[in-house]
J.: 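Can you keep this structure in mind? I'll have questions shortly.
As the structure lists them, so they are numbered: ligands from 1, and atoms in each ligand from 1.
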Amino acid sequence: MSLSSPKPMNSVYFDHNATTQIDSRVLAAMLPWMQLQNGNPTSRHSFGRSARDAIEHARTQVAEACGAYANQVIFTASGTEANNFAIKGMAASRPTSQILCSAIEHPCVTRPALAMQTLGYSSNQIAVDRQGKIDLTQLQNQLKTPTALVSVMLANNETGAVQDLAEIAQLARANGALIHSDAVQALGKVAVNFSELGLHAMSVSSHKIHGPQGAAALILDKRIDIQPLLHGGGQEKGLRSGTENIAAIVGFGLACELAVSNLGDYQARTQALRTQLEQGLSALNLNIFADKTARLSNTSFFAVQDIEGETLVMALDRQGYAVASGSACSSDSTEPSHVLLAMGVAPDIARGAVRVSFSAHNTAAQVADFLAVFTNQISKLKQLSAMAA
Ligand code: PLP
């Protein structure tokens, strides 16, 4: 049996909200932890101690990138795990009551909230407006019901819309609820400051910021109670047992440091690419979502009428461009994006949605070529559907 290998990078990759290529400096920092004999960080001998030191250094790097203290960083294996830990663990420390999540959360927030219903919690959604922003008046009303936890993402993975999270956190706290935010898409793309946002917990993930897959963190205000998700040897202060993935954590730490130090440059470059893209698309008369609110600079989410997003994604892939339709993390589903439906977009428009998400490594020439290919593919697909009609 032969092993399959990663796709060679001869295609143009415009799907950085799904995952990013690992930075070569990050890979170089990780390799010694994969190649050389290294100890278990819980061991007392020198091998164990050096592994522990590497983890603690990464913890400081992650904390600094997030505006938090090192002792607030709990390493997990994925953003999904951090979100499950937050929702299940924080709600379980409170009397059974309401869990409120925004209607545009990633399934790794909404599904654990729904799972808590079996323990007697109720799970309700906070509506968003047509730009994908939380309706603060509705939130205020919903908070009249006793609430264990509010969870609202800082930036949306599909539209890139950025929430007024400090205001949302204030409302939650004023009504006695805990407040968690999924900042997986925000870190490295906008300034993220856990303390200034006034959060009790926040999730971040390495592979969205040119770090390796397999490392993420829940940033946690240690003054609150949280139930562990994994019980065992007591790692991560007893909150997340399991031998740490040292190489991935080391890579995550450096990726955080690099992402934050490059933030200004990243925003300028990706914003220019997005403007170029959207100016080019304007000739095609498309719906661009969340374009009248604060958005991640790298993200453009738009829909072509009468063409399935999925069909367009496959056609563009054949032409050498990797883009996403709806959310790549739940691409097994052919349902229209729940984010767009929550924003009041009609299902037949939402079905045509395509997301382009840049990194600072993409170029203006790639965008110009893409626009030509995109326009051409659209006219071909429209001709095909006219013939089939
Ligand atoms: N939250 C958001 C907003 C995401 O976009 C994703 C992944 O796309 C996740 C959470 C899950 O993170 P991970 O892939 O690290 O499990």
J.: Give me the atom names and distance for the closest heavy-atom approach of N157 to H106.
T.: ND2-CD2, 4.0 Å

J.: Taking 4.0 Å as the limit for heavy-atom contacts, which would you say applies to S205 with ligand 1: side chain only, backbone only, both, or neither?
T.: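 The side chain, only.
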
J.: Looking at E167 and K133, does any basic side-chain N land under 4.0 Å from a carboxylate oxygen?
T.: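 Between K133 and E167 there is no salt bridge, as every charged N stays at least 4.0 Å from the carboxylate O atoms.
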
J.: Output all residues satisfying salt bridge (Lys or Arg N to Asp or Glu O under 4.0 Å) with R94, sequence neighbours left out; order by chain, then residue number.
T.: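 Listed in chain order: nothing, the list is empty.
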
J.: Does any N/O atom on A155 come nearer than 3.5 Å to any N/O atom on ligand 1?
T.: no

J.: Are the side chains of H210 and V26 in contact, using a 4.5 Å heavy-atom criterion?
T.: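 Side chain of V26 against side chain of H210, heavy atoms only: no contact under 4.5 Å found.
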
J.: Are V162 and L199 connected into the same hydrophobic cluster when the rule is that any two of I, L, V, M, F, W, Y join if their side-chain heavy atoms are below 4.5 Å apart?
T.: yes

J.: Considering only heavy atoms, does N83 approach ligand 1 within less than 4.0 Å through its side chain, its backbone, both, or neither?
T.: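 It is the side chain that touches ligand 1; the backbone stays farther off.
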
J.: Counting heavy atoms only, which part of H207 comes closer than 4.0 Å to ligand 1: side chain, backbone, both or neither?
T.: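 Only the side chain of H207 comes within reach of ligand 1.
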
J.: Considering only heavy atoms from C-beta outward, does the side chain of M343 approach that of L340 to under 4.5 Å?
T.: yes

J.: Less than 4.0 Å is my threshold; does some heavy atom of K208 fall inside it relative to ligand 1?
T.: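 Distance cut 4.0 Å: K208 passes for ligand 1.
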
J.: Please identify which atoms of ligand 1 are closer than 4.0 Å to at least one heavy atom of G79.
T.: 12 (O), 13 (P), 15 (O), 16 (O)

J.: Does A216 come within less than 4.0 Å of ligand 1, judged by its heavy atoms?
T.: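 It does not; every heavy atom stays at 4.0 Å or beyond.
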
J.: With sequence neighbours excluded, give me every ring pair (Phe, Tyr, Trp, His ring centres under 6.0 Å) pair touching residues 27-50.
T.: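 The answer is H45-F47.
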
J.: Does only the side chain of M153 get under 4.0 Å from ligand 1, or the backbone, or both, or neither? Count heavy atoms.
T.: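 Looking at M153 and ligand 1, just side chain atoms fall under 4.0 Å.
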
J.: Need the ligand 1 atom indices (1-based, order shown) with element for anything under 4.0 Å from a heavy-atom of S78.
T.: 15 (O), 16 (O)

J.: Is it the side chain, the backbone, both or neither of T80 that has a heavy atom closer than 4.0 Å to ligand 1?
T.: both

